[in-house]
Amino acid sequence: MKILTDSNYPNVHFSLTDLYLDGGYTGIYGLLSLDQLKENTITEHEIDFSLSFYDANEKLIGTAFGSQIANSDYKPTISTGEIKVVKAGESGDFSNYSNVKFKVTKYK
């Protein structure tokens, strides 16, 4: 499992665990993690992200959007040191991707 990181947010990581097609929609499950920046500090954050999928020629197939709250019935934030199952998705078929890039679109 490849761990993806946005260079602007080196403490936020994403690993794609499943990609599925549902009609004309691509759904994605993954693991979102948040490292501690300072020793012994735990903070809560809201994180939204995008996943851009590329073919073997580095042509963009499409971009899916997700959030740490998309699969959370009990807590709308992610804590430092936590790993959380998250969802993303968008219309289109991204299943023939060769590369994926992770970008944090909201961090507060």
Side-chain angles (χ1 to χ4, degrees):
M1 182 178 342
K2 186 175 179 182
I3 298 173
L4 306 172
T5 302
D6 180 336
S7 61
N8 293 319
Y9 298 91
N11 62 320
V12 181
H13 310 287
F14 178 84
S15 295
L16 193 146
T17 58
D18 187 31
L19 183 141
Y20 63 93
L21 297 175
D22 186 3
Y25 178 84
T26 296
I28 296 120
Y29 283 102
L31 299 175
L32 185 71
S33 65
L34 183 60
D35 295 340
Q36 289 181 339
L37 292 175
K38 296 179 182 177
E39 195 73 28
N40 297 321
T41 59
I42 296 185
T43 55
E44 298 285 326
H45 297 275
E46 295 177 16
I47 299 173
D48 292 345
F49 59 90
S50 67
L51 298 165
S52 295
F53 292 84
Y54 298 86
D55 67 14
N57 296 318
E58 285 300 308
K59 180 182 174 195
L60 180 65
I61 299 171
T63 301
F65 298 92
S67 172
Q68 92 288 340
I69 62 171
N71 198 30
S72 178
D73 295 332
Y74 71 98
K75 189 175 102 174
T77 58
I78 185 170
S79 303
T80 50
E82 184 177 11
I83 299 172
K84 200 169 198 179
V85 174
V86 293
K87 294 179 187 176
E90 191 60 56
S91 295
D93 180 351
F94 307 161
S95 62
N96 291 320
Y97 76 96
S98 179
N99 186 28
V100 61
K101 294 181 183 175
F102 170 73
K103 180 178 181 182
V104 174
T105 57
K106 179 174 101 175
Y107 182 93
K108 73 177 205 178

Strictly by modelled atom types, are His13 and Thr5 linked by a side-chain donor-acceptor pair under 3.5 Å? yes

If we ignore hydrogens and angles and just use 3.5 Å, is the side chain of Asp22 paired with the main-chain N or O of Tyr25 as donor and acceptor? no

Asp48 side chain to Ser67 main-chain N or O, any donor-acceptor pair under 3.5 Å? no

Taking every non-hydrogen atom, the tightest pair across Ser95 and Leu21: OG-CD1, 3.9 Å

For the backbone of Tyr29 and the side chain of Thr17, can you confirm whether one donor and one acceptor N or O come within less than 3.5 Å of each other? yes

If every non-hydrogen atom of Ala64 is compared with every non-hydrogen atom of Glu90, which pair is closest and at what distance? CA-CB, 3.8 Å

Does His45 reach the side chain of Thr43, with side-chain heavy atoms less than 4.5 Å apart? yes

Would you check if there is a donor-acceptor pair between the side chains of Ser50 and Thr63 at a distance under 3.5 Å? no

Go through the side-chain N and O atoms of Thr77 and Glu46 and say whether any donor and acceptor fall under 3.5 Å apart. no

How many angstroms lie between CD in Glu82 and OG in Ser33, if you round to the nearest 0.5 Å? 10.0 Å

Mind checking whether Phe49 and Phe14 have ring centres under 6.0 Å apart? yes

Report yes or no: do Tyr9 and Val100 belong to one cluster of Ile/Leu/Val/Met/Phe/Trp/Tyr joined by side chain heavy-atom distances under 4.5 Å? yes

Is the closest side-chain heavy-atom distance between Val104 and Asn8 below 4.5 Å? no

Can you find a pair of side-chain heavy atoms, one from Leu31 and one from Val86, that are under 4.5 Å apart? no

Distance from Tyr20 atom OH to Ile28 atom CD1, nearest 0.5 Å? 8.0 Å

Would the distance check show the side chain of Asp55 and the main-chain N or O of Asn57 forming a donor-acceptor pair, the cut-off being under 3.5 Å? yes

Criterion side-chain contact (heavy atoms from CB on, under 4.5 Å) against Tyr97, the qualifying member of Leu51, Leu16, Thr26: Leu16

Heavy-atom distance under 4.5 Å between the side chains of Phe102 and Val12, does that happen here? yes

Approximate separation, where rounding is to 0.5 Å, of Asn99 CG and Lys2 NZ: 5.0 Å

Roughly how far, to the nearest 0.5 Å, is NZ of Lys101 from CG of Leu4? 11.0 Å

Side-chain heavy atoms of Glu44 within contact of Leu34, under 4.5 Å: no

In the hydrophobic clustering (ILVMFWY, side-chain contacts below 4.5 Å, transitive), which residues join Tyr54, or is it alone? Leu60

Taking all atoms of both residues into account, what is the closest heavy-atom pair of Asn11 and Tyr107, and its distance? ND2-OH, 3.1 Å

